[in-house]
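In this text the structure is predicted, and so the values were computed from the model without any measurement. Residue numbers begin at 1 in each chain, while the letters A, B, ... track the order of the sequences.
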Amino acid sequence: MSNKENIPKLRFKEFSGEWEEKATGQVLKIGSGKDYKHLENGNIPVYGTGGLMTYVNDYLYDGVSVCIGRKGTIDKPMLLSGKFWTVDTLFYTHSFKESIPEFIFSIFQKINWKLYNEASGVPSLSKATIEKVKVNVPKKQEQEKIASFLSSIDKKINQLSKKDELLQNYKKAMMQKIFSQKLRFKKEDGSDYPKWEKYELKEFLIERVEYPEELLPIYSLTIEKGIIPKSERYERAFLVKSDYEYKTMKENDFAYNPMNLRFGALARHKEKLDVMVSKYYNIFYCNEKLNSYFAVLYFTNYNSIQFYNKMATGSLEEKKRVHFREFLKFKFSFPTIEEQTKIANFLSSLDTKISQNKKALEETQRFKKALLQKMFV
DNA sequence: GCGGGCTCGCCTGTCTATTT
DNA sequence: AAATAGACAGGCGAGCCCGC
């Protein structure tokens, strides 16, 4: 009853009075994105729902604007400024009335857009829907104060994500150099490690064909996230038809899917837990001559994936696969186990840095989210 | 200009028939 | 019986395009 007052929990003390509830359509206008294909190359950025796409020689709008997806990703608004173009699945906003885009951007980040999804299939929003969404706004001065305060946090977030990107790129670049042997490590005493020698993979890999005696947690292989619980991917309770069609996977085992190895579907099971996965995966582990951490990066680096693509067999492009027998016969150059360990240590120290930075980033994002909850009505 | 259907690419597989 | 080839499966995002 008493929440008639439109006042945020947390507020700069120089401001008072209620915020006003308005329809989004009252405070801004929405512009539609357009096809950009007829345009020539230039230096005006083109944005799609997923972000920057390309550059053209004409612009749709010049100024600060909040953009939001029309189809596909509809809950990731972005703030653009200067001259830009948006594709037809991305709305932009303009003609702000008694409001400023930076403030609206914060509000838009708070809104659960999926609730406004009208489509049954691919999520989508329409102009009319967005215009009807209610927003609570204070006077412009307060908006500016809040926006500038939040922008300092955004700045921090940007710095951290930029750092993340740099670290990721650095790791990628280093891996390229290391695996192509353009960059070599030296022993502690300064001398060189021996030359890398070509070996068939069967020198290092041992297949594990074990069928679980009791039901174990069902796991699944993904390119992005590695070996993860099946429930994170599928709604359904099973992975394969019968309980007899699973294989056991233990800590440090590798799995790859013959159909998808050429896309990089190979990962190491990092948990202590024994799990079961589809029998269609090939499961194997490294002997004492191959460092697992080194191996997983080596097997999934760009050049290796190119190689699998070349070697995959099958009549049609989409039916190509890499059989385990063939896989075992692939010849790769390997350093000694000592050098592998050195490389693994170096790369894992990078991983540590990356995950520390990611932690800081996530913390800042959480902090911002909490502020958004408190500083807005 | 706007909304909605279409389609394609990508990812991620599983199941079955045939050959070895 | 195991390995391999071939076929079938389906979610989902987003660009493309068309009709109103």
Side-chain angles (χ1 to χ4, degrees), chain A residues 25 29-39 46-54 56 60-61 67-76 78 85-94 113-114 116-132 207 209 211 218-247 255-267 276-282 300 305 308-309 311-329:
Chain A
K29 285 190 179 147
I30 300 167
S32 298
K34 277 186 197 170
D35 193 17
Y36 63 92
K37 290 276 157 60
H38 61 286
L39 301 168
V46 177
Y47 291 90
T49 338
L52 183 62
M53 288 172 62
T54 180
V56 292
L60 212 51
Y61 186 70
C67 299
I68 184 155
R70 182 171 76 84
K71 233 167 23 174
T73 307
I74 57 172
D75 57 353
K76 294 273 181 303
M78 51 182 117
W85 192 282
T86 59
V87 303
D88 86 324
T89 45
L90 187 67
F91 289 125
Y92 67 97
T93 53
H94 59 96
W113 290 103
K114 285 189 177 147
Y116 297 98
N117 173 29
E118 295 147 331
S120 48
V122 179
S124 61
L125 292 172
S126 70
K127 239 181 214 192
T129 309
I130 300 174
E131 280 168 354
K132 275 187 224 143
E207 187 175 15
V209 189
Y211 299 97
I218 305 172
Y219 272 54
S220 175
L221 168 64
T222 68
I223 293 173
E224 283 290 308
K225 295 184 188 159
I227 309 289
I228 57 164
K230 177 231 80 210
S231 57
E232 287 178 26
R233 266 189 61 199
Y234 297 105
E235 296 278 326
R236 62 176 196 259
F238 61 92
L239 188 62
V240 285
K241 246 182 19 189
S242 105
D243 289 346
Y244 303 105
E245 305 195 333
Y246 293 100
K247 274 184 195 163
Y256 84 77
N257 184 323
M259 287 299 290
N260 299 325
L261 182 62
R262 62 209 181 93
F263 304 126
L266 182 152
M276 55 188 200
V277 296
S278 164
K279 70 165 185 185
Y280 301 110
Y281 296 168
N282 294 115
T300 54
I305 290 174
Y308 306 140
N309 261 299
M311 302 303 285
T313 54
S315 58
L316 290 167
E317 191 54 35
E318 71 275 11
K319 283 174 189 149
K320 288 195 168 180
R321 67 189 85 192
V322 177
H323 293 293
F324 193 57
R325 280 191 164 185
E326 300 303 315
F327 185 73
L328 286 177
K329 282 190 227 155

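- Across all strands, A/Phe263 comes closer than 4.0 Å to base atoms (heavy-atom distances).
- The CD1 atom of A/Ile130 sits 15 Å away from the C1' atom of B/dG1 (whole-angstrom rounding).
- Among the heavy atoms of the strands lying under 4.0 Å from A/Thr73 are primed sugar atoms or P, OP1, OP2 only; no base atom is included.
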Please write out the pairs of protein N or O atoms and N or O atoms of nucleotides 5-7 of chain B separated by less than 3.5 Å, giving the distance to one decimal.
residue : atom : partner : partner atom : Å
B/dG5   : N7   : A/Lys71 : NZ           : 3.3
B/dG5   : O6   : A/Lys71 : NZ           : 2.2

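- A donor-acceptor pair under 3.5 Å is formed between the side chain of A/Trp85 and the backbone N or O of A/Lys34.
- Distance A/Lys279 NZ to B/dT14 P: 10 Å, rounded to the nearest Å.
- Looking at heavy atoms from C-beta onward, A/Met276 lies in side-chain contact with A/Ile218 at the 4.5 angstrom threshold.
- Phosphate proximity of C/dA5 to A/Thr313: present, with a side-chain N or O under 4.0 Å from OP1 or OP2.
- Distances shown here put every side-chain N or O of A/Ser124 at or beyond 4.0 Å from the OP1 or OP2 atom of B/dG3.
- One interatomic measurement links the two molecules: OH of A/Tyr280 to C1' of C/dA2, which rounds to 14 Å at whole-angstrom precision.
- Here C/dA5 presents its P atom at 7 Å from CZ of A/Arg321, a figure rounded to the nearest Å.
- Contacts of A/Ala128 with the nucleic acid, taken as non-hydrogen atoms under 4.0 Å apart, involve only primed sugar atoms and P, OP1 or OP2.
- Residue A/Asp35 is classed as a sugar-phosphate contact, given heavy-atom separations below 4.0 Å to backbone atoms only.
- Residue A/Asn309 contributes atom CG, which lies 12 Å from atom P of B/dC10 at whole-angstrom precision.
- A donor-acceptor contact shorter than 3.5 Å is absent between the side chain of A/Arg262 and the backbone of A/Val322.
- One atom, NE2 of A/His323, and another, P of C/dA3, lie 11 Å apart when rounded to the nearest Å.
- In this structure, the side chain of A/Asn117 engages the main chain of A/Ser124 through a donor-acceptor pair within 3.5 Å.
- In this entry the distance linking CG of A/Leu125 with P of B/dG4 reads 11 Å, nearest Å.
- For A/Lys247 (side chain) and A/Lys279 (main-chain N/O), a donor-acceptor pair under 3.5 Å exists by modelled atom type.
- Across C/dG13, C/dT4, C/dG15, the shortest atom-to-atom separation from the side chain of A/Thr89 is found for C/dG15.
- The minimum heavy-atom distance linking A/Gly226 with A/Ala267 is given by the pair CA-CB, 3.6 Å.
- Atom C1' of nucleotide C/dA14 and atom NZ of A/Lys34 are separated by 20 Å, given to the nearest angstrom.
- Here the side chain of A/Lys114 pairs no donor or acceptor atom with the backbone of A/Asp75 at under 3.5 angstrom.
- Note on A/Ser32: only backbone sugar-phosphate atoms sit closer than 4.0 angstrom, heavy atoms only; bases stay farther off.
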